[in-house]
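Here's the structure we're looking at; comments come further down.
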Protein chains: 2
Amino acid sequence: MSSCDTCLVRNRAICSVLETDALDELNRIGRRKNVRRGETVIWEGDDAPIVANVIDGMLKLTTATGDGREMIVGITYPSDFIGRPFGASSSNSVTALTDAQLCVFTRSSFDGFAKQHPGLEHELLERTLGELDRARDWMLLLGRKSAAERVASFLIEMSKRLGGRACEGPTGPADRFELPLSRQQTADILGLTIETVSRQLGRLRDAGMILTPDRRTIEITDWAGLEHESERG
Amino acid sequence: MSSCDTCLVRNRAICSVLETDALDELNRIGRRKNVRRGETVIWEGDDAPIVANVIDGMLKLTTATGDGREMIVGITYPSDFIGRPFGASSSNSVTALTDAQLCVFTRSSFDGFAKQHPGLEHELLERTLGELDRARDWMLLLGRKSAAERVASFLIEMSKRLGGRACEGPTGPADRFELPLSRQQTADILGLTIETVSRQLGRLRDAGMILTPDRRTIEITDWAGLEHESERG
DNA sequence: CGATTCTTTGACACCTATCAATCTTAGTGG
DNA sequence: CCACTAAGATTGATAGGTGTCAAAGAATCG
């Protein structure tokens with residue numbers, strides 16, 4: 001029995017398009033790997049020797065300036081694919097936000113496998129196109145939105161992402177959810193400072209739009225108000 | 001003789017991976033289209049009925065907030081691919097920055113063709129991965145760099161892009177080049193206002209790092225200085 | 001329970017946006 | 001061809017939003 005049979009994301013990860021034989025073959029070149037929160041799996045600028053499926057947990061993709069300013073350019077969820085196939089060195093680091101479980105392949109073995117399985121490449125293409133759309137949407141937020149709009153947009157986005165991911169299928173946006181991010185990491189996603197994020201969250205709380213029972217959980221109590229905030233601070 | 005035989009970018013566009021038969025077939029479902037500077041080819045939110053290869057000219061990809069603030073999220077050059085294949089509606093508009101020539105396909109016909117030609121999908125995947133890297137690099141600029149750093153980074157990027165595109169192959173960064181962008185469009189790429197862009201260009205000129213013989217052409221006279229500016233305003 | 005880390009809150013400064021005026025360039029019609 | 005007009009770019013003055021610096025308050029972990 002291949003370990004794919006017990007995989008939590010076998011129906012959602014890119015492998016889901018593969019036939020049994022191909023899945024067996026892929027299983028032979030992959031291996032499970034557990035990583036602890038905070039552990040970095042891929043380093044920016046590295047030769048990026050690995051790619052992986054995310055089985056469980058969340059990870060951040062980051063880039064940094066020469067003098068250490070950091071930006072989170074993506075977040076991955078279970079069933080997402082990480083790493084940079086096909087020859088380029090990785091342009092960002094990948095670090096676990098929570099304890100996580102990966103299904104890891106060497107880049108070269110994955111590249112070879114993918115080229116012989118067009119269905120897999122098609123699936124990867126569709127996901128990459130989706131990631132590109134998402135990245136470009138985020139560029140609008142970073143380039144043109146105020147701090148107030150950014151924080152409100154972020155809460156709405158996280159609510160949708162965290163609410164719609166259950167294995168039972170999409171459940172819609174969650175009114176209440178736990179952020180897997182510190183204030184610093186939130187700031188690194190939004191292109192702000194921790195102080196500004198903190199103040200904006202306080203403002204939304206004072207305005208009665210959200211509750212913050214503890215510093216990691218958010219409860220949205222006024223969707224209309226929050227959505228209004230997300231489009232004109 | 002198919003029109004592909006006379007195509008300016010036949011060796012660089014995604015079609016370059018196709019065999020003769022496949023190229024003929026693709027040629028049958030595509031058509032040439034000339035667009036004038038300022039003309040919009042694809043509208044944000046549309047069903048995105050077309051995709052295309054850029055044969056000549058440059059175009060911008062844009063998204064906008066509900067109240068009209070605009071952001072340029074990408075620029076395309078000859079041999080680039082535009083549009084959103086595979087079912088999603090387009091998340092950005094595509095507008096010509098210069099007069100341009102396209103090789104247009106209906107999305108549905110292109111989708112069908114691509115699925116039967118894995119080599120084409122592979123090429124598209126590689127390009128999309130590259131675009132994603134580029135978009136994420138830009139997120140660092142938008143989220144973490146000062147106006148001075150942004151403008152300097154922009155000039156360096158444009159120099160490399162415009163210098164390295166000749167059909168004879170890469171020629172390296174150009175010391176002198178003509179921006180296909182107005183100040184407003186430059187601001188829309190950098191997440192700044194026209195006034196700030198103008199002031200930063202003036203500052204670089206006063207510092208002797210660039211010359212601005214007319215408002216569209218830039219000459220870089222101090223690469224080391226400009227590169228220094230791009231990393232700590 | 002103490003120490004460390006993270007977060008919040010406050011005071012202040014600076015960068016960039018905004019508003020406004022001038023100057024330049026490009027386009028148009030006489 | 002030139003004046004006129006409109007659009008784009010520059011320059012200046014001002015104000016507001018965020019960053020920075022600093023301190024105090026929670027939460028986490030040993």
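So you know, we letter chains A, B, ... as the sequences are listed, proteins then strands, and number each from 1.
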Using the salt bridge (charged side-chain N to carboxylate O under 4.0 Å, His left out) criterion, which residues pair with [X]? Sequence neighbours excluded.
| X | result |
| --- | --- |
| B:R199 | none |
| B:E70 | B:K60 |
| A:R127 | A:E123 |
| B:D133 | A:R84 |

Review point. First and last nucleotide of DNA chain D touching chain B, 5' to 3', heavy-atom cut-off 4.0 Å?
Key: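 Contact span on the strand: D:dG8 to D:dA13.
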Review point. Between B:E231 and A:R69, is there a salt bridge with N-O shorter than 4.0 Å?
Key: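 No, A:R69 and B:E231 are not salt-bridged.
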[X] and [Y]: side-chain donor and acceptor closer than 3.5 Å?
| X | Y | value |
| --- | --- | --- |
| A:E131 | A:T128 | no |
| B:K145 | B:S153 | yes |
| A:S3 | A:T6 | no |

Check your understanding: So which pairs with a foot in residues 90-102 of chain A pass salt bridge (charged side-chain N to carboxylate O under 4.0 Å, His left out), sequence neighbours left out?
Key ->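 Listed by first then second residue: A:R36-A:D99.
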Practice item. Write out all pairs satisfying salt bridge (charged side-chain N to carboxylate O under 4.0 Å, His left out) with one or both partners inside residues 171-197 of chain A, taking only residues at least two apart or from two chains. Key: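 Qualifying pairs, neighbours excluded: A:R176-A:E219, A:D188-B:R144.
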Review point. Under the side-chain hydrogen bond (donor to acceptor under 3.5 Å, both in side chains) rule, what pairs show up with a residue in residues 37-58 of chain B, not counting sequence neighbours?
Key: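 Listed by first then second residue: B:T40-B:T95.
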Exercise for review: Quick one: list whatever passes ring pair (Phe, Tyr, Trp, His ring centres under 6.0 Å) with A:F177, sequence neighbours left out.
Suggested key: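 Expected list: none.
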Exercise for review: Would you mind building the protein contact string for nucleotides 10-21 of chain C? One character per nucleotide, 5' to 3', B for base within reach (heavy atoms under 4.0 Å), S for sugar-phosphate only, - for untouched.
Suggested key: BB----SSBBB-
Could you run down the sub-3.5 Å N/O contacts of the protein with nucleotides 3-6 of chain C?
{"residue": "C:dC6", "atom": "O2", "partner": "A:R215", "partner atom": "NH1", "Å": "3.4"}

Check your understanding: Which angle, rounded to 10°, do you find between the first-five-pair axis and the last-five-pair axis of the helix from C:dC1-D:dG30 to C:dG30-D:dC1?
Key ->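 Both end axes considered, the difference amounts to 40°.
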Practice item. Report the residue (A:P213 or B:R205) whose heavy-atom-nearest nucleotide on DNA chain D is the more 5′ of the two. Key: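 The 5'-side residue here is B:R205.
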